Amino acid sequence: ETVLSAHDRPQDCWLVLGCGVYDVSAYSHPGGDSLVHAWCGKDATFSFQSKHPMALVEDMVREGGTLVGRVETSLQHVEPTRQIPLAEIAAHSVAADCWSCIGDRVYDLSYFHQAHEVCSIPTRSTT
């Protein structure tokens, strides 16, 4: 986070989108560069996702953005003492209390939201 926050000017602008850190200093946003510059040195994931599909990150890279790194995080694995039903996992679907299945494990991603402005995960019924 310290490294990211040091790149907080339009001429030296890094931001987080998902798990990637991007240098967007040379990127020109079609809607105006100030839309990007407001996020220099910050996590722009939530704002970006509220307006665009994440697939547009690839377009940004083709048009001047550069992937310079990855966000360093570690998932917090919830060690179950029992089988956890999907309905119970789905009940933990708000930012402050967010669980997710990855493979055959359950992870508590609540901390991830606080650091990255993400984790409002839509839940899907398996029926």
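The structure presented is a predicted model; accordingly, all values stated were derived computationally and were not measured.
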Is there a continuous path of hydrophobic side-chain contacts, each under 4.5 Å between heavy atoms, that joins Val16 to Leu35? no
In this structure, CE of Met60 is separated from CG of Leu17 (nearest 0.5 Å) by 5.0 Å
Verify the neighbour count for atom CD of Gln11: are there more than 12 heavy atoms of other residues, nucleotides or ligands below 6.0 Å? yes
Phe48 and Leu15: CA distance, side-chain angles, deciding distance, side-chain contact (heavy atoms from CB on, under 4.5 Å) verdict: CA-CA 11 Å; Phe48 186 90; Leu15 52 81; over 6 Å; no
Please table the atom pairs, donor to acceptor, closer than 3.5 Å between any side-chain atom in residues 18-27 and protein atoms at least two apart or in another chain.
from	atom 1	to	atom 2	distance (Å)
Asp23	OD1	Ser25	N	2.9
Asp23	OD1	Ser25	OG	2.6
Asp23	OD2	Trp14	NE1	3.4
Ser25	OG	Cys13	N	2.8

